[in-house]
Amino acid sequence: MNQALREALQRDERIFLMGEDVGAYGGCYAVSKGLMAEFGEDRIRDTPLSESGFTGFGIGAAAGGLRPIVELMTVNFSLLALDQIMNTAATIRHMSGGQFGVPLVIRMATGAGKQLAAQHSHSLEGWYAHIPGLRILAPATLEDARGMLWTALQEPDPVLIFENVMLYNRSGPLDTGAGAVDIDRAAIRRPGRDLTLLTYGGSLFKTLEAAEALSTEGIEAEVIDLRVLRPLDEATIMASVGRTRRAVVVDEGWRAGSLSAEIAARIGEQVFWRMDAPVGRVCTAEVPIPYPRHLEDAAIPQVPRILEAARATLGKG
Amino acid sequence: MNQALREALQRDERIFLMGEDVGAYGGCYAVSKGLMAEFGEDRIRDTPLSESGFTGFGIGAAAGGLRPIVELMTVNFSLLALDQIMNTAATIRHMSGGQFGVPLVIRMATGAGKQLAAQHSHSLEGWYAHIPGLRILAPATLEDARGMLWTALQEPDPVLIFENVMLYNRSGPLDTGAGAVDIDRAAIRRPGRDLTLLTYGGSLFKTLEAAEALSTEGIEAEVIDLRVLRPLDEATIMASVGRTRRAVVVDEGWRAGSLSAEIAARIGEQVFWRMDAPVGRVCTAEVPIPYPRHLEDAAIPQVPRILEAARATLGKG
Amino acid sequence: MSAAKIHLTRETVRAHLHAMMRIRMFEDRCAELYTQEKIRGFLHLYDGEEAIAAGIIPQLTATDRIVATYREHGHALVRGVPMRSVMAEMFGKATGCSGGRGGSMHLFDAARNVYGGNAIVGGGLPLAGGLGLADRVQGSGAVTACFFGEGAVAEGEFHETMNLAQLWRVPVLFVCENNGYAMGTALTRSEAQTDIHTRAAGYGIPSEVVDGMDVVAVEAGTRRALAAIREDPHPYFLECRTYRFRAHSMFDAQLYRDKAEVEAWRQKGPILRFRNWALSAGLLHEADIAAIETEIEAEIADAVAFAESSEWEPVADLLHHVTAEARPAPPPPAEPTGATATARP
Amino acid sequence: MSAAKIHLTRETVRAHLHAMMRIRMFEDRCAELYTQEKIRGFLHLYDGEEAIAAGIIPQLTATDRIVATYREHGHALVRGVPMRSVMAEMFGKATGCSGGRGGSMHLFDAARNVYGGNAIVGGGLPLAGGLGLADRVQGSGAVTACFFGEGAVAEGEFHETMNLAQLWRVPVLFVCENNGYAMGTALTRSEAQTDIHTRAAGYGIPSEVVDGMDVVAVEAGTRRALAAIREDPHPYFLECRTYRFRAHSMFDAQLYRDKAEVEAWRQKGPILRFRNWALSAGLLHEADIAAIETEIEAEIADAVAFAESSEWEPVADLLHHVTAEARPAPPPPAEPTGATATARP
Ligand SMILES: Cc1ncc(C[n+]2csc(CCOP(=O)(O)OP(=O)(O)O)c2C)c(N)n1
Ligand SMILES: Cc1ncc(C[n+]2csc(CCOP(=O)(O)OP(=O)(O)O)c2C)c(N)n1
Ligand SMILES: [Mg+2]
Ligand SMILES: [Mg+2]
């Protein structure tokens with residue numbers, strides 16, 4: 001992200017980053033470290049603790065000709081800005097009959113796994129995907145984390161990028177030519193024929209690990225990284241599920257009303273007659289995230305539960 | 001509601017109503033008319049425009065021994081209070097290891113149909129049903145609108161009551177003995193054998209109308225009024241759908257990620273092998289609600305679309 | 001009348017009166033059309049508050065911007081949004097200034113920099129702040145005028161916006177249309193500190209209070225404010241004390257105030273007072289006023305006819321305007337170089 | 001030391017020093033335990049700010065209430081939450097004061113009216129206001145002490161709470177622990193008006209600023225505040241100027257301030273100054289201090305041993321504490337009378 005931000009700031013002078021502690025502190029997850037020194041306080045704009053206010057300023061600045069990147073630090077605090085996001089950013093184009101758009105990128109960290117307890121561990125990206133007018137991205141790989149930003153900045157409408165907190169721990173080789181990526185399509189991260197595992201964000205690597213384990217049992221799972229949670233890339237999803245005839249969705253949101261439900265519903269609507277089993281779901285338990293490691297682990301999707309669900313779908317439970 | 005509020009205020013002196021214009025104005029929908037004169041300004045407490053603040057005061061007052069009824073006027077403004085609702089009301093019991101509860105009732109109007117346009121027509125009750133720790137009610141009948149309040153006030157945890165704006169137009173005969181009703185179970189509003197129509201709130205009467213029309217075609221639809229959106233009464237739902245083997249959910253939420261998706265997903269999980277057709281969904285189009293009547297009508301569920309979906313489920317599309 | 005302090009030409013006087021009467025007469029007609037169910041949804045009239053829009057908006061330049069509330073017919077009209085397209089919008093017709101999608105509460109006009117028509121109390125304040133930020137950063141020299149009621153002052157967004165506006169020195173004229181009531185809640189029942197302009201001063205924002213029933217006083221205050229902002233971009237706060245003569249919206253039984261109170265304020269009405277003063281000062285004659293009336297009546301008749309005869313947007317277009325019609329093509333896939341470097345997010 | 005103005009007994013002096021040292025030594029140990037990964041998640045230390053909790057909380061009665069932030073170990077300890085259960089909570093053990101569910105940021109204790117431990121900046125303010133409302137309405141005579149950092153002042157919830165608190169005259173002591181930084185953001189970079197207590201005064205709330213590095217000054221300010229509140233329930237605002245010696249949390253490289261600045265403040269540290277003053281005034285001797293240290297060390301060792309040996313909550317209990325274990329039975333169905341009346345919602 002740091003590199004992605006730097007490049008964006010270099011390429012388009014209308015772009016600026018604003019949010020709590022993005023500047024002097026270097027970003028809550030060190031994502032913007034060094035950028036204030038390089039680009040100055042106007043383009044790396046530290047804000048007071050005023051989530052609704054500065055998100056709204058971002059909306060206004062976007063409508064006024066700039067290309068703001070608003071960082072909401074984490075999804076947990078974004079609730080304070082929801083009115084601005086839903087009632088202004090997502091709606092003004094419609095209310096104005098198409099006259100005004102809000103080309104704004106809002107970034108935030110999401111997800112559990114760091115023992116931050118009930119108020120700091122929400123996974124609400126799937127929930128945000130309910131709102132018309134927004135594009136919702138959930139990068140799971142370093143390449144996407146870096147590449148989605150620039151593409152998002154070209155969009156005429158608001159784009160929310162949810163970066164899973166566990167992604168900040170990853171580092172690895174990335175092609176030096178890596179650049180902008182599309183923000184339209186899901187990616188097949190692992191081809192397979194026996195069932196489709198659908199996931200995104202923080203659960204991708206767990207799902208891939210589960211797929212490897214299944215492979216040793218002779219089960220070849222196709223793994224789809226949704227990447228874009230709104231609008232969903234139905235073509236890729238249905239092509240895969242229609243072929244494998246079995247699906248499990250792995251989703252870190254609370255189960256009831258999570259994105260997994262929408263995917264299951266659409267699979268039902270579109271490829272019901274091809275399905276050999278009901279769509280399985282591995283989600284977060286319906287509990288605010290507890291602090292202790294063992295309870296947090298038990299609450300959110302893990303490899304063993306993915307394996308179980310996959311086997312159940314194949315009638316091998 | 002007016003009568004329900006009056007009785008609650010008479011029966012328990014810890015109960016009070018607070019919200020914007022509940023007092024001197026008499027309530028945005030005249031729901032609390034006359035109550036301030038009767039119970040005084042302390043128990044019918046007009047608030048400034050501070051949704052987050054007074055909802056939080058309600059939470060604190062509940063934790064401190066009172067039984068507040070917070071009126072958020074409409075769901076559209078509740079976004080401003082979402083942090084307090086999700087991060088405090090729904091979470092404090094868990095964070096405190098069960099030591100503190102929030103016996104709070106939050107009422108708000110919801111839904112479209114009055115040509116109030118994009119910022120005043122949200123139907124987010126199904127979306128709120130994603131949040132663990134809350135009980136979500138959606139009265140569709142006068143009896144429920146009156147009777148749910150008192151039961152909700154006995155709950156040890158926060159209860160959100162969403163009253164569809166179209167309900168405020170209804171008036172009709174109600175048994176003089178009508179009183180508290182349960183807030184656990186869905187209700188079968190019309191028995192039937194050929195398919196199950198699942199709905200709640202503002203869509204109930206449209207759905208009943210559709211069921212009557214289907215009946216003239218020889219199709220007997222069972223109509224379930226969910227009543228409680230969280231936790232869902234799975235027993236009633238599955239018993240019906242397992243019997244009729246076909247289901248359509250009618251839900252005024254935007255389609256993607258609406259409650260209809262969760263219901264479809266659970267039907268898949270629990271009675272997949274009995275289903276003779278995919279679960280149909282009639283939801284609101286993915287658009288902020290437009291102002292003109294014809295576009296608003298086209299956006300939200302209507303009888304013809306329910307009929308179409310019901311017939312499609314029966315292969316009679 | 002504070003007119004003494006400002007040199008008023010006959011033209012100016014006529015223009016002021018015309019602007020105020022045009023709003024009043026337009027809205028009177030809207031109220032009728034509401035009863036006839038031509039206009040639906042919520043309808044909030046500006047009746048009694050016309051001096052504010054009329055005193056402020058003509059001072060703005062074409063590149064300045066406007067953010068208003070659901071009580072914004074007056075602002076749109078004074079800003080020059082054609083009455084035809086305002087009326088068509090109220091009817092929900094495709095020829096309306098928001099394509100019919102918004103209705104009374106959401107008048108927009110990109111050509112005239114009218115950013116709504118916001119129906120969330122306080123919701124327009126951060127938007128205005130952000131527009132101001134864009135102007136500041138781009139050095140455009142433009143000013144954003146942001147209108148809101150005194151009810152908005154209690155909202156958290158007011159506070160956050162004031163602080164950010166001053167911290168970042170955005171060229172925004174915040175105009176509090178203090179009509180004493182937020183729906184049925186009198187200011188004294190909603191604010192611990194009822195002297196609104198002192199609230200803004202608490203953030204270090206230059207602020208003043210003017211008689212919002214006096215178009216000339218409003219104009220004078222606006223001149224001072226705009227001069228200050230244009231000299232050195234920063235926020236400025238203008239509290240205009242006014243009164244709403246009619247109900248909050250068309251669904252308001254007005255249980256919260258006496259008829260006598262309303263009557264007393266009506267005597268101080270911005271049109272009545274200004275008109276009488278202009279007549280007595282000999283700046284206008286009865287015939288001038290009659291001419292204004294005739295002119296406006298014709299304009300309204302034309303607007304209503306236009307709205308009536310305009311088309312509804314086809315239902316097939318329902319999903320328009322959710323996102324932009326045109327999106328950039330997805331970027332070409334990057335050519336892998338083969339070389340890699342260690343990356344962190 | 002402002003001690004001159006208050007009559008300090010040897011006991012009081014010892015108690016103050018003990019309270020502050022107990023927090024400091026407890027937290028020093030927590031930092032070690034964090035490195036050892038016994039404590040996880042976020043850990044925010046109160047290092048440098050101890051005089052505030054120590055100066056205020058002992059003045060409260062048993063029925064008074066406390067609302068704090070994620071930086072609340074000191075508040076819990078001074079309030080009498082047993083160190084064992086605080087430490088066990090930090091470990092996430094079932095014997096913790098929140099049953100292990102909350103961790104460092106969410107210390108709760110119903111028996112002692114400790115309402116958390118809130119990790120949303122500003123989130124505790126309305127909660128405190130509501131507790132105060134309950135006390136006012138019930139005439140309980142209790143006061144709620146609400147602690148928050150100066151960073152919270154920019155949040156809309158601060159504004160809404162101040163206004164409501166004053167409007168409804170709730171008996172809440174709002175304590176702003178102004179340590180000059182919100183994470184890495186210096187107050188001057190986040191507030192247009194940096195004199196925090198004047199902000200509260202803007203709502204008409206009596207407010208004062210005290211030296212938060214001086215336990216006696218804090219105590220004196222608190223006495224004045226509590227006396228006023230108990231005499232006639234209303235909100236009161238106390239700004240305590242202080243400094244955090246350590247990083248914001250354990251993930252903070254402190255790029256935003258100089259080592260020298262920290263060093264200079266350390267010299268004004270609340271424990272150091274009070275201790276030296278007490279020694280020089282002859283109210284305490286080195287031996288007393290050594291005894292305090294020994295006592296606290298033993299308490300900490302005991303608390304750690306307790307936390308270590310406590311059980312984890314079984315995974316089978318995962319879904320506990322989402323809603324109450326017991327709910328009232330659903331009401332019996334009403335008997336239809338057969339008679340009906342017309343009802344409206
Ligand atoms: C956030 C929010 N809360 C509540 C409402 C409902 N509401 C609409 S107008 C209004 C009163 C606003 O009063 P004021 O700001 O003084 O403006 P006025 O109507 O007097 O011009 C209320 C409570 C709303 N639209 N938005
Ligand atoms: C609403 C919200 N926004 C952002 C954060 C992240 N955050 C945690 S502490 C903090 C700084 C708070 O500073 P202050 O209020 O001064 O308290 P201090 O940490 O200095 O005691 C921030 C930005 C949060 N917890 N809640
Ligand atoms: Mg008003
Ligand atoms: Mg601080």
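The basis for the numbers below is simple: all heavy atoms, side chains too, and nothing from hydrogens, waters or symmetry mates. Just so we're on the same page: letters track the sequence lines, and every chain starts at 1.
- For A:Gln84 (side chain) and C:Leu127 (main-chain N/O), no donor-acceptor pair under 3.5 Å exists by modelled atom type.
- Interface remark: C:Ala326 contributes backbone atoms only to the contact with chain A (heavy atom separation under 4.5 Å).
- Residue-environment remark: CD (C:Glu311) stays at or below the threshold of 12 foreign heavy atoms within 6.0 Å.
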Item to complete: List the steps and the verdict of side-chain contact (heavy atoms from CB on, under 4.5 Å) for C:Val137 and A:Arg45.
Response: CA-CA 12 Å; C:Val137 167; A:Arg45 199 173 273 270; 3.9 Å; yes

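- Contacts between C:Asp135 and chain A at a heavy-atom distance below 4.5 Å are absent for every atom of the residue.
- Within the 4.5 angstrom heavy-atom criterion, only side-chain atoms of A:Arg135, from C-beta onward, approach chain C.
- Remark: A:Glu13 CD is loosely packed, at most 12 non-hydrogen atoms of other residues, nucleotides or ligands lying under 6.0 Å away.
- By the 30° and 60° cut-offs, the orientation of the rings of C:Trp168 relative to A:Phe57 is perpendicular.
- With 3.5 Å as the limit, one finds a donor-acceptor pair spanning the side chains of C:Glu157 and A:Ser52.
- Interface remark: of the candidates C:Ala94, C:Gly338, C:Ala128, C:Gly338 forms the most heavy-atom pairs closer than 4.5 Å to chain A.
- No other option in C:Gly130, C:Gly96, C:Gly116, C:Ala142 has as many heavy-atom pairs under 4.5 Å with chain A as C:Gly130.
- With a 4.5 Å cut-off on non-hydrogen atoms, C:Tyr115 touches chain A through its backbone and its side chain both.
- Ion pairing between a basic and an acidic side chain is recognised when a charged N comes within 4.0 Å of a carboxylate O; A:Asp157 and C:Arg327 show no such pairing.
- Residues A:Asp182 and C:Pro330 share a closest heavy-atom pair of CB-CB, 3.9 Å.
- In terms of heavy-atom pairs under 4.5 Å with chain C, the best-connected choice from A:Leu49, A:Asp83, A:Thr88 is A:Asp83.
- Nearest heavy atoms, A:Phe16 versus C:Leu133: CZ-CD2, 4.0 Å.
- Contacts of A:Thr55 with chain C are absent, with no heavy-atom separation under 4.5 Å from either backbone or side chain.
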Discussion item. Walk me through whether C:Thr340 and A:Asp175 qualify under side-chain hydrogen bond (donor to acceptor under 3.5 Å, both in side chains).
Written reply: CA-CA 4 Å; C:Thr340 61; A:Asp175 192 292; over 6 Å; no

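- Using a 3.5 Å distance cut-off with no hydrogens or angles, the side chains of C:Arg101 and A:His94 do pair a donor with an acceptor.
- Within the 4.5 angstrom heavy-atom criterion, only backbone atoms of C:His320 (N, CA, C, O) approach chain A.
- Nearest heavy-atom pair across C:Pro331 and A:Thr151 is CD-CG2, 3.5 Å.
- Looking at C:Pro126 and A:Ile59, their side chains never come closer than 4.5 Å, going by heavy atoms from C-beta outward.
- A distance of 5.0 Å separates CG in C:Leu164 from OG in A:Ser50, rounded to the nearest 0.5 Å.
- In terms of heavy atoms, C:Ala134 sits closest to A:Leu66 at CA-CD1, 3.5 Å.
- Contact of C:Arg136 with chain A is not made at all, since no heavy-atom distance falls under 4.5 Å.
- Annotation: the span from C:Asn118 atom CG to A:Ile92 atom CD1 amounts to 7.5 Å, rounded to 0.5 Å.
- Here C:Ala339 is the residue among C:Pro328, C:Gly99, C:Ala339, C:Gly102 with the most heavy-atom pairs under 4.5 Å with chain A.
- When heavy atoms are compared at a cutoff of 4.5 Å, C:Val67 does not approach chain A at all.
- Per-residue heavy-atom pair counts under 4.5 Å with chain C were compared for A:Ser96, A:Gly56, A:Gly98, and the maximum is reached by A:Ser96.
- Heavy atoms of C:Leu107 lying under 4.5 Å from chain A are absent altogether.
- In the displayed structure, C:Arg169 atom CZ is contacted under 6.0 Å by more than 12 heavy atoms of other residues, nucleotides or ligands.
- Rounded to the nearest 0.5 angstrom, C:Ser98 OG and A:Gln99 CD are separated by 6.0 Å.
- Only the backbone of A:Glu51 comes within less than 4.5 Å of a heavy atom of chain C; no side-chain atom from C-beta onward does.
- Counting only distance, with no hydrogens or angles, the side chain of A:Gln154 and the backbone of C:Ala329 share no donor-acceptor pair below 3.5 Å.
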